[in-house]
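Inspection log for the structure reproduced underneath, given as structure tokens.
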Amino acid sequence: MATSLFRLVMTAETTTTTTSNPAVEKYFYKFNSAHRTSGTITIPAANFTDDSGNTMTGNLTTISTDNGYYLLTVNGQIQQSSLFTVGANGSQIVITQASTVPVSAPITLAVNNFAPNSTSTTTVTT
């Protein structure tokens, strides 16, 4: 009898379920001209209020690496991410090219983080 390769023959089906688990924090501030220097606005975290209206006593939440993003609105207009930075530890927000922002304009920062979780089940039938 000649040598031959035997192969295992089977059927398998995999089902994967993924949940995104979003966590959104929003922070609010009314612009005070004391925070503008040469067209740049620097807002310390303690000047923001949270979604419940409480004044911040610590730093702002920062985004998770590769699983989060910021949205900043100034006077109701969403801003390009290249125009602002959030301090590495959430201690402040710096907005550049902000010489025309009017006093008392609302500034809102939304911090969107995700903690995705996936589970898979594989069923093998012969």
Side-chain angles (χ1 to χ4, degrees):
M1 175 181 197
T3 305
S4 63
L5 178 63
F6 290 94
R7 296 182 191 153
L8 182 60
V9 177
M10 72 172 114
T11 305
E13 185 174 315
T14 301
T15 303
T16 301
T17 303
T18 302
T19 55
S20 60
N21 301 318
V24 180
E25 299 285 337
K26 294 181 289 252
Y27 301 102
F28 306 91
Y29 164 80
K30 282 191 177 180
F31 176 59
N32 178 332
S33 61
H35 291 136
R36 179 169 31 212
T37 304
S38 299
T40 297
I41 298 172
T42 302
I43 312 164
N47 290 104
F48 283 90
T49 58
D50 64 15
D51 224 4
S52 299
N54 301 312
T55 301
M56 293 299 298
T57 57
N59 289 340
L60 307 172
T61 300
T62 56
I63 57 171
S64 301
T65 303
D66 297 327
N67 275 322
Y69 64 92
Y70 298 111
L71 289 178
L72 182 77
T73 61
V74 176
N75 211 17
Q77 298 298 309
I78 196 162
Q79 301 299 303
Q80 295 173 310
S81 58
S82 62
L83 296 177
F84 69 94
T85 57
V86 177
N89 59 0
S91 63
Q92 67 182 12
I93 294 176
V94 177
I95 307 169
T96 59
Q97 300 180 26
S99 61
T100 60
V101 174
V103 173
S104 295
I107 296 176
T108 305
L109 177 71
V111 183
N112 304 278
N113 281 308
F114 298 91
N117 183 24
S118 294
T119 57
S120 294
T121 303
T122 302
T123 305
V124 178
T125 57
T126 54

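Everything numeric here is computed off the predicted structure, so don't read it as measured data.
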For the residue pair Ile63 and Tyr70, what are the closest heavy atoms and their distance? N-OH, 3.2 Å
Could you tell me the separation between the CD1 atom of Ile93 and the CD1 atom of Ile43, rounded to the nearest 0.5 Å? 5.5 Å
When rounded to the nearest 0.5 Å, the distance separating CG of Asn47 from NZ of Lys30 is 14.0 Å
Quick one: pull up CG in Leu109 and NZ in Lys26 and give me the separation to the nearest 0.5 Å. 11.5 Å
Could you pull out the closest heavy-atom pair between Phe31 and Pro102, with the gap in Å? CD2-O, 3.3 Å
Evaluate the side-chain contact (heavy atoms from CB on, under 4.5 Å) criterion for residues Glu25 and Asp51: first the C-alpha distance (whole Å), next the side-chain angles of each, then the deciding distance (0.1 Å), finally the verdict. CA-CA 7 Å; Glu25 299 285 337; Asp51 224 4; over 6 Å; no
Between Thr96 and Ser82, what is the shortest heavy-atom contact and its length? OG1-O, 4.4 Å
On a heavy-atom basis, which atom in Thr18 and which in Ser118 lie closest, and how many Å separate them? OG1-OG, 2.7 Å
From the options Thr123, Thr122, Thr121, select the one residue that forms a side-chain hydrogen bond (donor to acceptor under 3.5 Å, both in side chains) with Thr14. Thr122
Contact check, side chains of Thr37 and Thr42, non-hydrogen atoms, under 4.5 Å: no
Rounded to the nearest 0.5 angstrom, the OG1-CE distance for Thr49 and Met56 is 9.0 Å
The residue among Asn67, Thr61, Val24, Asn21 that forms side-chain contact (heavy atoms from CB on, under 4.5 Å) with Asn113 is Thr61
Where Ser99 and Arg36 come nearest, the two heavy atoms and their spacing: O-NH1, 3.1 Å
Considering non-hydrogen atoms only, spot the tightest contact between Thr55 and Ala46 and give its length. CG2-O, 3.5 Å
In terms of relative ring orientation, are Phe48 and Tyr27 parallel, tilted or perpendicular, with 30° and 60° separating the classes? perpendicular
Candidates Thr85, Ile107, Val101, Thr40 - the one meeting side-chain contact (heavy atoms from CB on, under 4.5 Å) with Ile95: Ile107
So, taking the atom named CG in Asn59 and the one named CD in Gln92, what distance separates them when rounded to the nearest 0.5 Å? 9.5 Å
